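What you are looking at is a predicted structure, and each value in this text was computed from that prediction instead of being measured.
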Amino acid sequence: MKKVLAYINNNVLVKVASLNSVSVIVKIIAGFLTSKFIALFVGSEGMALVGNLRNFVGSIQTVSILGLYKGVVRYISEFKNNTVELSKTLSTVFYLGFGATMLMSFLVYFKAEYINDLIFKNYNNYAYVIRIFAVALPFYALNMLAFSIMNGFAKYKYLIVFNIFGQILGAVITILLIWLEQIDGALIAVVIAESMIFLITLVGIANRRNFIPLIKASNFSLSFAKKLSSYSGMALFSAIILPLVAILIRSYIIDNIGMKEAGFWEAMNRISKYYLLFVSTLLTMYILPRFSEIDNIKDFRKEVFSFYKTIIPVFALGLIVIYFLRHFIIQVVFTDEFKPVEELFFWQLLGDFIKVLSTVIAFQFLAKRMFWHYIITEAFSVIILYFTSKYLIDEFGLVGANMAHFATYIMYYAIILLIFSSSLFGVLPDKTEEE
């Protein structure tokens, strides 16, 4: 027992995971409550519309900050003790993000009718929701800048506490909007929820004013902007391609099976998103900054296998529990209308397990700016996902989309292992070779 306690006290990953789990639990509870209200007041067809809007919003949010979040985390982590370079980092990111965010806000606002037709087709006119999103977008960008600063400085406690209060605020606003306005309220909640978290983050910024003087127009650096471009390119690629593929698959389900079934698929994706929160936030807050600091194969291998030993067993056990409780989860999170979602769990859970195994290693692409490795592997995965989804949906119905999810990540993981085979399984170089 003493050894276990000593291990926990000395292992940063375990400490962050323990603290992060509180934030994730709050976010999951908030997500379950909002999903329940969507199921009760909007139904499965409305769930499909919410899914399309979520994909669009996520894409525009990433484009508005030029996909710089992970790059900012990496360089702040590297330059946190170098005031000159840190000032260049913050100044360049702030002014790049400001310009991009304002441009996207104007485009979204004045092209709201056109965007409405793309997302909702002939279902209804929600252009006013798109305009609300355009107004809220700058607050999302400011929030992400503040989060990236705290993440880069390894201020995990602040980051997690802000996340907890932000999720509570977002859940309360979402539930009120759905209760008062049904489908309109659900759509408005999608476009403002993440921006509202800035109200919480603002408190943290006010208490850490020492960062603000470092942001100067004179310290904007074109050379540093070029360094960030690879991170930006990788994030923008994912931001555009992944939501587009999700919308295409959802549209294929609508056209070939039905709107209700598209809502069932979206419901499974929401559940998947909730239980993946624990791992995804841990990867962003700990693995990315840690991989950025690592400069040798030995430490990279150590971190990967440490994650596999400490986090993966717990994650696997959690997935098994979720599978056997799937009927209960559907009853609690949704309604009887969503009972067919139970059939989607098996393949979704398997796919998500393989996804986490591969993503841990693939974060090295982001940490070390391995641009073309990232682009090629991501392009491969989305192409495989789209075409296997179409084929398997035709063969097996709705569950085929989840089978495609599993098949895609099996192939993706195989490629990741192939790329990093020497780093993970090869003979380690001696100290003179590393130098």
Side-chain angles (χ1 to χ4, degrees), residues 34-35 37-67 100-141 143-144 170 173-198 236 238-267 269-270 273 382 386:
T34 56
S35 294
F37 270 74
I38 291 174
L40 287 170
F41 290 93
V42 178
S44 58
E45 294 187 3
M47 186 78 75
L49 294 179
V50 169
N52 266 7
L53 182 60
R54 276 179 56 211
N55 289 137
F56 169 76
V57 166
S59 178
I60 296 299
Q61 284 174 336
T62 304
V63 173
S64 73
I65 58 172
L66 297 175
T101 301
M102 296 311 295
L103 176 62
M104 291 307 301
S105 290
F106 278 111
L107 286 175
V108 169
Y109 188 89
F110 290 107
K111 291 292 183 179
E113 294 287 347
Y114 175 73
I115 294 169
N116 176 79
D117 293 340
L118 287 178
I119 299 174
F120 303 113
K121 297 183 179 178
N122 298 322
Y123 190 84
N124 210 332
N125 191 332
Y126 295 110
Y128 81 96
V129 176
I130 306 298
R131 292 192 178 97
I132 291 173
F133 172 54
V135 174
L137 191 59
F139 298 100
Y140 167 82
N143 188 61
M144 292 306 292
I173 292 171
T174 299
I175 289 169
L176 283 173
L177 285 170
I178 295 172
W179 181 51
L180 294 171
E181 300 293 337
Q182 286 75 54
I183 181 63
D184 291 63
L187 296 176
I188 292 170
V190 169
V191 302
I192 69 169
E194 292 196 55
S195 299
M196 294 297 293
I197 299 176
F198 181 66
L236 290 175
S238 296
I240 295 169
I241 297 298
L242 295 179
L244 175 62
V245 169
I247 291 172
L248 289 174
I249 294 172
R250 194 179 292 106
S251 298
Y252 191 80
I253 294 170
I254 292 170
D255 294 338
N256 292 274
I257 307 177
M259 179 71 86
K260 277 183 173 291
E261 285 73 15
F264 298 152
W265 185 68
E266 174 62 19
N269 287 335
R270 289 179 76 90
K273 176 187 172 184
V382 295
Y386 177 67

Check your understanding: Taking only residues at least two apart or on different chains, which pairs with a member in residues 100-109 satisfy side chain to side chain donor-acceptor pair (under 3.5 Å)?
Key -> none
Review point. What residues, two or more places apart in sequence or in another chain, satisfy side chain to side chain contact (heavy atoms under 4.5 Å, CB included) together with L118?
Key: Y114
Point to revise | With sequence neighbours excluded, residues passing side-chain hydrogen bond (donor to acceptor under 3.5 Å, both in side chains) with S44 | key: E337
Check your understanding: If you measure from CD1 on I254 to CH2 on W265, what distance do you get to the nearest 0.5 Å?
Key -> 10.0 Å
Review point. Can you check side-chain contact (heavy atoms from CB on, under 4.5 Å) on I188 and Y128, steps first, answer last?
Key: CA-CA 9 Å; I188 292 170; Y128 81 96; 4.0 Å; yes
Check your understanding: What is the distance from atom CD1 of I197 to atom OH of Y140, rounded to the nearest 0.5 Å?
Key -> 9.5 Å
**Study point:** Min side-chain heavy-atom separation V190-F133 under 4.5 Å
**Key:** no
Check your understanding: Quick one: salt bridge (Lys or Arg N to Asp or Glu O under 4.0 Å) pairs with a partner in residues 179-197, sequence neighbours left out?
Key -> none
Point to revise | Which residues share a ring-ring contact (aromatic ring centres under 6.0 Å, His included) with Y126, sequence neighbours left out | key: F120
Exercise for review: Answer whether the closest heavy-atom distance between the side chains of E113 and N125 falls below 4.5 Å.
Suggested key: yes
Which atom pairs, donor and acceptor, lie under 3.5 Å between side-chain atoms of residues 45-53 and protein residues at least two apart or in another chain?
from, atom 1, to, atom 2, distance (Å)
N52, OD1, R250, NH1, 2.6
N52, ND2, I119, O, 3.3

Review point. Which residue pairs pass the salt bridge (Lys or Arg N to Asp or Glu O under 4.0 Å) test with at least one member in residues 55-64, sequence neighbours excluded?
Key: none
**Study point:** Non-neighbouring partners of R131 that pass side-chain hydrogen bond (donor to acceptor under 3.5 Å, both in side chains), sequence neighbours left out
**Key:** none
**Study point:** Nearest-0.5 Å distance, CD1 of residue I38 to OG1 of residue T174
**Key:** 8.0 Å
Exercise for review: Report the residues that fulfil ring-ring contact (aromatic ring centres under 6.0 Å, His included) with F56, sequence neighbours left out, ordered by chain and then residue number.
Suggested key: none
Study note, to complete from the structure: Residue set satisfying side-chain hydrogen bond (donor to acceptor under 3.5 Å, both in side chains) with Y252, at least two apart, ordered chain then number -> D394
Exercise for review: Please assess L244 against L248 for the test side-chain contact (heavy atoms from CB on, under 4.5 Å), listing each intermediate value before the final yes or no.
Suggested key: CA-CA 6 Å; L244 175 62; L248 289 174; 4.1 Å; yes
Practice item. Kindly give the heavy-atom pair with the smallest separation between M102 and P138, and that separation in Å. Key: SD-CG, 4.3 Å
Review point. If you round to the nearest 0.5 Å, how far is CD1 of I65 from CG of L236?
Key: 9.0 Å
Review point. Between L176, I175, V42, which is the residue that forms a side-chain contact (heavy atoms from CB on, under 4.5 Å) with F37?
Key: I175
Revision key, fill the gap. Heavy atoms of A112 and A127 approach each other most closely as CB-O, 3.6 Å
Check your understanding: About how many Å separate NZ of K260 and CZ of F264, when rounded to the nearest 0.5 Å?
Key -> 5.5 Å
Check your understanding: Which pairs pass salt bridge (Lys or Arg N to Asp or Glu O under 4.0 Å) with one or both residues in residues 53-66, sequence neighbours excluded?
Key -> R54-E266
**Study point:** Partner residues of N256 under the side-chain hydrogen bond (donor to acceptor under 3.5 Å, both in side chains) criterion, sequence neighbours left out
**Key:** none
Check your understanding: In Å and rounded to the nearest 0.5 Å, what is the CG to CZ distance from L177 to F41?
Key -> 12.5 Å
